[in-house]
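Below, chain A is the first sequence line, B the second, and so on; all start at residue 1. Model, not experiment: these values are computed from the prediction.
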Amino acid sequence: MFRKLEFKTWLKELSLPVRQAGLPDSGQEHKIQTYSAEEGDEALRQISASKKEIVILVDCSSEVWPQVKLNGFYLSFKNSEVGTLPPTQINRLRQILEDEEISKITHDFKTLLIALKENHIEIKGKVFDTLLAAYLLDPAKVNFSLEELSWEYLGSYSNMQLDETAKTDAVFKLKPILEAQLKEKELLELFFKVEMPLAAVLAGMELKGVKIDTGVLKELSVKMQTRTQELIEKIYALAQEEFNINSPKQLSRILFEKLKLPVVKKTKTGVSTDEEVLNKLASQHPLPAMLLEYRQLVKLTSTYIDALPELINPSTGRVHTSFNQTGTETGRLSSSSPNLQNIPIKTELGRRIRRAFVASNQNFSLLCADYSQIELRILAHLSGDENLIRAFKKDEDIHKLTASLIFNQKITEVTNEMRDTAKRVNFGIIYGISAYGLAKDLGVGQEKAQDFIDAYFLRYPKVRNLCDAQIKKARKDGFVTTILGRRRYLPQINSANNTLRQFAERQAINAPVQGSAADLIKLAMINIQRGLDRKKLQSRLTLQVHDELVFDCPDAEVNQMQELVRQTMENVLPLSVPVKVSITAGKNWLDAH
DNA sequence: CTATCCTGCAA
DNA sequence: TATTGCAGGATAG
């Protein structure tokens, strides 16, 4: 079946030999032929003169990679293969791709841009990406391959992988269909003003990457190895035998059979040994606490401390994350290889890992810009709740306000503990609260949790109205929308199965909030990049973590950047509450926070 | 070798 | 049985 392709090979040096070029033999079907360099040149000349819309594809799953296919023509380029494209052909190709009058259709624009960047070729003119179009039409889809889209939109199913010609044809045929559906669903503006330009911004971010200080990691690695070894020995001693600590199965035998500790909860296949369980057992035996430390150490070592250096591109000395623009159902980005959106921050060891993410050199700093409570502000905007709006307008401590409302106390009498509870309730609302979930998070009974929820809705009545309205809309229309009209379909919303239906109801509440926040930051990224280009600054956007942007800036630009970034992020879309951004700078990702 | 489970990190 | 993700290691087939 489908397998996600990780796109890590783009770093390889690229030459551009023309391997094959094909001309349409009857207008509809494209026949692939092998051309000589001179014939290839003539083919390119014809495209250039015709000004017709062309299809350009990069296929990184193919042995021949990357390939650039032009409608009616088929050109494939292979990395470091014998021979290079004659200069006249490179120029012809550039002429076509940089021709404002020639519209382009792509499937995965971001990857194409990265491939071409190596050859110093840009894309100009109107671009339509079938991948991004299909994503907006149905973000729940996991597979956006041309095989899948052909089946869905063209009604032509094939078990087999489409060959290059068939893919070109598919893209060519998909475009008008997808465009018409975008129009019908009022997604064209989101498509052309947000997702398409964002693809170019993401290409730039991936190319730029982020610098890693391997010295910091190396030092940590040595320390962690020593400590892990100590822990392993202590654990074996307490268990009175050696076993695989990483195996939940073997571990549960030690904990629950040999040491006879009480079973706290079960998983599908056995007895649970997760963090929650070990925390509860910690008061009864010294082993669980050691296991917790061991787990944290092993996790952080294998996932970051030892893994990050392996991901450094030797030719740039930097880590180049992949930002997936079609990976979430709400409109957020996801990141992989490495996933930079879950680098630890809460524990001391985690923070040390953040120290390894550094600015380009000693004359540069990392600038972090965080949206402050963006999801709650969006909740205020979408619901129109007076209490929330007033609080944000006065820049009050929103968690403290919620505490005073649900505990019925004066603001001045709110304790830290009350504030913490209120903060969790605020988060719960955004997730589409349930008494069960909130109770688990707060560590209280379900009745108590339900009291908090009732008190919350009593004090923020319009938030309840919003939740009800979103669920109602989902039932009626089958989807909910964000501020920019991004859709999320919720087919389970009318399910007879309570669990499934309630899950969909929570998603109906969460998706517009999470998705609108994604809309905002995506637009901000595009606008900031335009500002950087216009002002010809050397600062570069390198990371996005949902509500945070990280820039690599020359120290001389830091002040100017703060202003540009703040202004852009705070004013990207007018909400009925102020949007607040906090900005900090430092030599590494930790100090920049 | 691939798929799935368990675990745990982030916003 | 709180939302959205990615990833490593163990294990089953």
Side-chain angles (χ1 to χ4, degrees), chain A residues 1-4 6 139-140 142 243-252 265-278 291-292 294-308 311 321-324 326-347 349-351 353-354 370-376 379 424-442 446 449 453 488 498-515 517-518 521 543-549:
Chain A
M1 254 307 273
F2 175 72
R3 190 173 134 254
K4 264 191 187 170
E6 299 238 330
V142 283
F243 65 102
N244 185 346
I245 309 168
N246 296 325
S247 161
K249 202 177 164 187
Q250 293 186 40
L251 179 60
S252 60
K265 65 174 176 180
K266 293 187 172 180
T267 67
K268 268 183 217 170
T269 52
V271 185
S272 173
T273 65
D274 70 9
E275 200 173 355
E276 186 196 327
V277 171
L278 294 181
L291 290 167
L292 285 168
Y294 169 87
R295 280 220 179 128
Q296 192 200 17
L297 241 63
V298 168
K299 169 90 179 179
L300 294 183
T301 304
S302 67
T303 313
Y304 303 104
I305 297 172
D306 291 343
L308 278 173
L311 292 167
T321 282
S322 295
F323 288 99
N324 187 348
T326 60
T328 72
E329 296 193 34
T330 53
R332 274 185 173 183
L333 299 174
S334 72
S335 123
S336 57
S337 314
N339 176 0
L340 289 179
Q341 296 177 323
N342 69 341
I343 304 289
I345 194 163
K346 285 172 186 162
T347 63
L349 179 54
R351 284 195 286 272
I353 293 169
R354 290 210 171 207
D370 279 76
Y371 274 119
S372 153
Q373 278 141 0
I374 189 62
E375 293 188 334
L376 286 173
L379 185 72
R424 290 166 190 271
V425 174
N426 277 334
F427 276 111
I429 295 292
I430 288 165
Y431 294 153
I433 206 156
S434 77
Y436 180 93
L438 182 64
K440 211 167 65 154
D441 187 54
L442 290 176
Q446 272 190 62
I453 297 171
R488 179 169 187 189
N498 285 334
T499 310
L500 292 180
R501 190 184 60 254
Q502 285 163 4
F503 189 33
E505 288 173 357
R506 290 194 294 274
Q507 292 171 327
I509 294 161
N510 173 262
V513 176
Q514 195 183 112
I521 200 165
L543 303 178
Q544 189 255 40
V545 190
H546 308 310
D547 66 353
E548 169 189 2
L549 298 177

Ionic contact status for Lys440(A) with Glu276(A), cut-off 4.0 Å: no
Examine [N]: is either OP1 or OP2 under 4.0 Å from a nitrogen or oxygen in the side chain of [X]? Give yes or no.
| X | N | answer |
| --- | --- | --- |
| Arg506(A) | dT3(C) | yes |
| Ser272(A) | dC6(B) | no |
| Arg332(A) | dA11(B) | no |
| Arg488(A) | dT4(C) | yes |
| Ser434(A) | dT1(C) | no |
| Thr267(A) | dC6(B) | yes |
| Thr273(A) | dC6(B) | no |

Checking all strands, does [X] fall into the base, sugar-phosphate, or nothing category for heavy-atom contacts under 4.0 angstrom?
| X | answer |
| --- | --- |
| Glu375(A) | nothing |
| Gly432(A) | nothing |
| Ile345(A) | sugar-phosphate |
| Asp547(A) | sugar-phosphate |

For Val298(A), the side-chain contact (heavy atoms from CB on, under 4.5 Å) test, sequence neighbours excluded, returns Thr228(A), Asn246(A), Tyr294(A)
Do side-chain atoms of Arg332(A) reach the backbone of His546(A) as a donor and acceptor pair under 3.5 angstrom? no
Would you find a donor on one side and an acceptor on the other, under 3.5 Å apart, between the side chain of Ser272(A) and the backbone of Thr267(A)? no
Identify each donor-acceptor pair in which a side-chain atom of residues 504-513 of chain A lies under 3.5 Å from a protein atom, sequence neighbours left out, and give them as a table.
{"residue": "Glu505(A)", "atom": "OE2", "partner": "Arg475(A)", "partner atom": "NH2", "Å": "2.9"}
{"residue": "Asn510(A)", "atom": "OD1", "partner": "Gln514(A)", "partner atom": "NE2", "Å": "3.4"}
{"residue": "Asn510(A)", "atom": "ND2", "partner": "Ile430(A)", "partner atom": "O", "Å": "3.0"}

Taking the same atom, P, in dC5(B) and in dT1(C), what whole-Å distance lies between them? 14 Å
Nucleotides 8-13 of chain C: protein proximity per nucleotide (B base, S sugar-phosphate only, - neither; heavy atom, under 4.0 Å): SSSSS-
Rounded to whole angstrom units, what separation is found between the OH atom of Tyr431(A) and the C1' atom of dG5(C)? 11 Å
Side chains of Thr347(A) and Gln296(A): is there a donor and an acceptor less than 3.5 Å apart? yes
With no angle test and no hydrogens, is the base of dA7(C) tied to the side chain of Asn339(A) by a donor-acceptor pair under 3.5 Å? no
